Amino acid sequence: KGVTVEQLYRLADNLGFKANKDEAVNQFRRLYNVFVENDCTLLEINPLVETPAGEILCADAKLNFDDNAAFRHKQLFSLRDSTQDDPREVEAFKHDLNYIGLDGNIGCVVNGAGLAMATMDLIKLNGGEPANFLDVGGGATQEQVQAAFILLNNDPKVRAIFVNIFGGIMRCDIVALGVIKAVQQANIVTPMVIRLKGTYGEEAKQL
């Protein structure tokens, strides 16, 4: 049912609005509508100001949007300035890869966010530093896996690549083919440690 009027008035009370409480509630409702209608993941107002005339204004704002909703907001996403983003993340976005650049030197290729987090923890526990969070997902294609390896290979900070794949939905042989193609295409010489376990795991080892 979304936010209720009672919740909005309680918020206005908690923030100390008195005479202009109705104006504050209207502003909060508009902000909520912006958040929902535009598939925001973050809408941060700082500062929210009250003028001497009693107006409630959003003096500055930061908004993030759900990439999965880009097809619903093509005009909005067309305003994206990729020069403000990490070039590695821009390249990953082109291939629909979940990538976040970090400061370490061990590149990670994993499927599933939970396994990716556990893999990064494992690297740190053993004295290493992950260079990235890279989740190829459960339905990655050979081309996406190939793009992931080329992305890591082009990162000058990456000194080694650790692949940790649990093949449930994701087939291990698809990952293996992507690795082979990437090595052939990009002449990758970066040392790799590859763990492929699960669906088509034996076929992947043979490849």
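Just the heavy atoms: all of them, side chains too, but no hydrogens, waters or symmetry mates, feed the values below. No experiment lies behind these values; they were computed from the predicted model shown.
- Judged by distance alone, the side chain of N38 and the main-chain N or O of C40 form no donor-acceptor pair under 3.5 Å.
- Remark: D173 engages R171 in a salt bridge, criterion side-chain N to carboxylate O under 4.0 Å.
- Of all the heavy atoms in G2 and Y32, the pair that sits closest is CA-OH, 3.0 Å.
- Taking both residues in full, the closest heavy atoms of T41 and F35 are given as C-CE1, 3.9 Å, listed atom of the first, atom of the second, then distance.
- With Q144 contributing its side chain and T141 its backbone, the two residues share a donor-acceptor pair below 3.5 Å.
- Side-chain contact check for K21 versus D13: some heavy-atom pair is nearer than 4.5 Å.
- The hydrophobic cluster containing I161 also includes L97, Y99, V109, L134, V136, V145, F149, L151, L152, V158, V163, I165, M170, I174, V175, V179, V183, I188, M192, I194, L196, under a criterion of side-chain heavy atoms closer than 4.5 Å among ILVMFWY residues, counted directly or through chains of members.
- Side-chain contact check for E55 versus E50: every heavy-atom pair is 4.5 Å or farther apart.
- In this structure a side-chain-to-backbone donor-acceptor pair under 3.5 Å is missing from N46 to D60.
- Around atom CG of N14, more than 12 heavy atoms belonging to other residues, nucleotides or ligands sit under 6.0 Å away.
- In terms of heavy atoms, V25 sits closest to A12 at CG2-CB, 4.1 Å.
- With rounding to the nearest 0.5 Å, the separation of SG in C108 from CG in N164 is 9.0 Å.
- Of the possible donor and acceptor atoms, none in the side chain of Q146 sits under 3.5 Å from a partner among the backbone N and O of A182.
- Put simply, the side chain of L43 reaches to within 4.5 Å of the side chain of I45, judged on heavy atoms.
- Of all the heavy atoms in A116 and V110, the pair that sits closest is N-CG1, 3.5 Å.
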Would you please test R30 and N33 for side chain to side chain donor-acceptor pair (under 3.5 Å) and show each step?
CA-CA 5 Å; R30 288 191 289 267; N33 289 339; over 6 Å; no
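- Looking at N132 and I100, their side chains never come closer than 4.5 Å, going by heavy atoms from C-beta outward.
- Looking at L125 and D121, their side chains never come closer than 4.5 Å, going by heavy atoms from C-beta outward.
- The two residues A59 and V49 have their closest heavy-atom pair at CB-CG1, 4.1 Å.
- Shortest non-hydrogen contact noted between N153 and V189 is OD1-N, 4.4 Å.
- Side-chain atoms of N105 and E129 form no donor-acceptor pair, as typed in the model, at a separation below 3.5 Å.
- Around atom CG of N26, more than 12 heavy atoms belonging to other residues, nucleotides or ligands sit under 6.0 Å away.
- Using a distance-only test at 3.5 Å, with no hydrogens or angles considered, a donor-acceptor pair links the side chain of Q7 to the main chain of T4.
- Annotation: side chain of K124 is in contact with side chain of P130 (closest heavy-atom distance under 4.5 Å).
- K157 contributes a side-chain N or O that, together with a main-chain N or O of L102, makes up a donor-acceptor pair within less than 3.5 Å.
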For residues 64-72, tabulate all N or O donor-acceptor pairs below 3.5 Å that involve a side-chain atom, not counting sequence neighbours.
residue	atom	partner	partner atom	Å
D66	OD1	N68	N	2.9
D66	OD1	N68	ND2	3.3
R72	NE	D39	OD2	3.2
R72	NH2	D39	OD1	3.0
R72	NH2	D39	OD2	3.3

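- A cation-pi arrangement, defined by a distance under 6.0 Å to the six-membered ring centre and an angle within 45 degrees of its axis, is present between R80 and F93.
- Ion pairing of E91 with R88 is absent here, as no side-chain N (NZ or NE/NH1/NH2) approaches a carboxylate O to less than 4.0 Å.
- Taking the side chain as every heavy atom from C-beta outward, C172 and E203 never approach each other to under 4.5 Å.
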